[in-house]
Amino acid sequence: MKVEKSIIYKGLICIAFSASSLFASSAFALDVNTVKTTVNNGVSVLQSTQSATDGGWSSLEDLAYVNTAAAIEALRAANQRNGAYYGGVAWLENHNANNTDLNAKKISALVRHGNNITPDLGLMQSSKQDTAQGGWGLSKGYFNSPLETALVLQALSDAKDTTNQNAAVTYLVANQKADGGWSVVGASGSDYWVTAEAVIALVNNQTQTGVASALTRASAYLASVPPASVNSIVLAKTTLALFKLNGINSVVDSLVSSLLSKQVTSGNWGDILSTANAITTLAYCAGLNTFSESSTVVIDQEQLRTNINRQLGYAAYGKLTLADIRSLKSLDLRSSNISNLNGLQGATGLTNIKVNAGTNISAISGLGISVFVDSDSDDIAEASDNCPTASNVNQINMDGDAWGDACDSDIDGDKMPNIWELQYSFNQSNASDATTDADTDQMTNLSEYLAGTNPRVNDTDTDGLLDGVEVKFGLNPLDNTDAAKDFDLDGLTNAQEIARKTDINNPDTDRDNLSDGAEVLAGRNPLLNEPALIVIISGLLLN
């Protein structure tokens with residue numbers, strides 16, 4: 001991009017690039033804040049006057065076309081691709097232009113949005129009265145006109161369509177008036193508005209024969225505009241044309257001041273078309289439409305891009321510019337699964353951001369942004385949250401452990417999980433039920449949880465033995481076969497031994513050298529060692 005000149009005037013700095021380039025400006029060093037505030041207020045005016053029904057501006061079809069195209073350009077120039085902008089784009093996409101002027105405005109607006117405007121270009125190219133003529137008229141039935149030709153040339157340049165561009169340039173150069181301006185059809189004198197549109201069209205074609213000298217004469221003519229005697233639209237177009245041609249100089253500086261003085265209220269010039277044209281001009285002069293600001297920012301996280309677009313009021317999948325990123329003040333990304341913040345490196349206006357614990361924030365390190373980590377969106381910082389993945393604003397914690405009730409698997413701390421207590425109709429908020437025996441099987445409810453038995457059934461395995469009895473005697477309360485087994489091979493089943501209170505793991509409980517089963521068969525007591533008892537009794541009798 002070739003820099004042609006740098007102009008400094010009254011503290012206003014502008015770098016004017018070659019005609020095929022965008023203009024970058026650090027704009028009004030003394031008044032830049034005022035201008036930006038005015039632009040922002042103007043954007044608000046446009047947003048408030050947009051139709052909530054169809055997204056256009058004005059209920060009259062032809063006026064709506066002109067107003068909507070102008071409003072879209074103003075929002076784009078101000079780098080405010082918000083809901084109003086996309087609503088206006090949708091309106092243009094769904095309405096046909098019925099003449100050359102409107103079609104040209106439609107093409108310029110939509111091509112900057114990235115639309116396929118090939119059909120519209122075809123209609124515009126075919127709207128000449130005679131294909132041999134250099135210029136365009138209002139429609140196919142009209143002769144050449146400087147205004148329509150200028151608007152078409154602007155659209156062709158925006159669309160990068162070279163077809164018939166040279167012929168249009170030649171036509172405009174040939175039809176310039178002696179005073180340096182261009183006139184409306186049938187008028188003898190030049191017109192500031194038509195001349196401004198011609199200059200804006202030709203400024204991108206300065207290498208073509210005769211254009212440079214034509215622009216020099218046009219510049220002198222536009223510089224003579226009487227601000228007090230023209231309306232805001234003419235003044236805005238004239239100022240923009242001179243800015244695009246010369247950058248900031250004393251004339252443009254004075255015209256900007258005059259344009260600002262025509263406001264009805266801040267950012268409002270009385271009607272949609274006047275306001276839109278004024279905002280476009282001020283946005284260019286203030287450098288809001290510079291290449292760096294309007295360059296597209298690549299964001300590889302789809303959810304991050306969607307969140308930013310929604311924050312700004314844009315369509316979810318719309319492209320984002322550097323200006324958009326810089327306009328961010330705060331972001332809440334907690335409800336999204338975003339792994340990184342790549343693309344936010346230029347978010348110099350961002351003051352605070354809320355993210356999940358899993359979000360890599362290295363992309364914004366060094367920007368001085370306050371980062372609030374809160375994965376569950378309960379506004380409790382992750383490091384202080386007793387349930388970092390479950391929203392619990394009140395942080396209630398019944399048992400006083402490390403986990404709040406919202407995420408604690410055992411709210412009352414009785415060592416019985418909430419889900420288990422609910423399954424068996426216990427109170428998950430009452431720790432005392434851990435020590436009770438709901439089914440009177442000689443096992444506490446906690447013991448039943450630990451053993452895996454049913455706390456509401458006293459014989460879980462239905463083998464005839466209470467769960468607590470089985471546990472007491474070393475049997476498995478979940479095995480319905482062990483009651484019938486004979487662990488010590490004494491001829492008695494485990495259940496029989498338990499019933500007789502003999503030892504299921506000792507075949508001779510009373511140690512009388514006769515197995516418990518044999519004693520039962522003999523009618524003896526397996527718990528009584530008869531030989532030993534006889535010796536004791538005999539001894540007592542002898543004494």
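Remember, it's a predicted structure, so these values are computed and weren't measured experimentally. Residues: numbered from 1 along the sequence shown.
When atom types are taken as modelled, the side chain of Asn494 and the backbone of Ala483 share no donor-acceptor pair closer than 3.5 angstrom. Counting only distance, with no hydrogens or angles, the side chain of Asp120 and the backbone of Asn103 share no donor-acceptor pair below 3.5 Å. Judged purely by atom type and a 3.5 angstrom limit, Asp410 uses its side chain to pair as donor or acceptor with the backbone of Lys415. Gln303 places no side-chain N or O within 3.5 Å of a backbone atom of Ser336 that could act as its donor or acceptor partner. Not a single donor-acceptor pair under 3.5 Å links the side chain of Gln442 to the backbone N or O of Leu466. For Asp412 (side chain) and Asn430 (main-chain N/O), a donor-acceptor pair under 3.5 Å exists by modelled atom type. Looking only at distances, no side-chain donor or acceptor of Thr68 sits under 3.5 Å from a matching main-chain atom of Gly88. A donor-acceptor contact shorter than 3.5 Å links the side chain of Asn360 to the backbone of Ser362. Listed for the Asn418 side chain is a donor-acceptor partner under 3.5 Å among the backbone atoms of Ser409. A donor-acceptor pair under 3.5 Å is absent between the side-chain atoms of Asn352 and the main chain of Ser370, judged by distance alone.
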N/O donor-acceptor pairs under 3.5 Å from side chains in residues 340-349, not counting sequence neighbours:
| unit_1 | atom_1 | unit_2 | atom_2 | d |
| --- | --- | --- | --- | --- |
| Asn340 | OD1 | Asn342 | N | 3.0 |
| Asn340 | OD1 | Asn342 | ND2 | 3.2 |
| Gln345 | OE1 | Gly343 | N | 2.7 |

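Taking the charged nitrogens against the carboxylate oxygens, Asp374 and Arg334 do have a contact shorter than 4.0 Å, which makes a salt bridge. The pair Arg112-Glu73 meets the salt-bridge criterion, with a side-chain N (NZ, NE, NH1 or NH2) lying under 4.0 Å from an Asp/Glu carboxylate O.
Asp324 and Ser327 form no side-chain donor-acceptor contact under 3.5 Å, judged by distance and modelled atom types alone. With no hydrogens or angles considered, a side-chain donor-acceptor pair links Gln395 and Asn392 at under 3.5 Å. Side chains of Asn445 and Thr436: a donor-acceptor N/O pair is present below 3.5 angstrom, by distance only.
Environment of CG in Leu541: crowded, with over 12 heavy atoms of neighbouring residues, nucleotides or ligands closer than 6.0 Å.
In this structure, the side chains of Tyr85 and Arg76 come closer than 4.5 Å at one or more pairs of heavy atoms. Here the side chains of Gln496 and Val520 are not in contact, with every heavy-atom distance at 4.5 Å or above. The shortest distance between side-chain heavy atoms of Leu110 and Val89 falls below 4.5 Å. Under the 4.5 Å side-chain criterion, counting only non-hydrogen atoms from C-beta, Leu273 is not in contact with Trp57. A heavy-atom distance below 4.5 Å is found between the side chains of Tyr65 and Leu92. In this structure, the side chains of Thr162 and Leu156 stay at 4.5 Å or more apart for every pair of heavy atoms.
Taking all atoms of both residues into account, the shortest heavy-atom contact from Ile353 to Ile369 is CG2-CG2, 3.8 Å. In plain terms, the two heavy atoms of Thr275 and Trp269 that are nearest each other are OG1-N, 3.0 Å. Nearest heavy atom pair, residue Ala276 against residue Ala74, reads O-CB, 3.4 Å. Between Thr502 and Pro526, the shortest heavy-atom distance links the atoms CG2-CG, 3.8 Å. Shown here for Ser391 and Ala406, the closest heavy-atom pair between the two residues is O-CB, 4.1 Å. Shown here for Ser429 and Ile411, the closest heavy-atom pair between the two residues is OG-CG2, 4.5 Å.
Taking the six-membered ring for Trp and thresholds of 30 and 60 degrees, His95 and Trp91 have nearly parallel ring planes, at less than 30 degrees apart.
Sorted by first and then second residue, the pairs that involve residues 502-527 and meet salt bridge (Lys or Arg N to Asp or Glu O under 4.0 Å), not counting sequence neighbours, are Asp512-Arg524, Glu519-Arg524, Arg524-Glu530.
Among the candidates Asn476, Asp467, Asn454, the single residue satisfying the side chain to side chain donor-acceptor pair (under 3.5 Å) test with Thr460 is Asp467.
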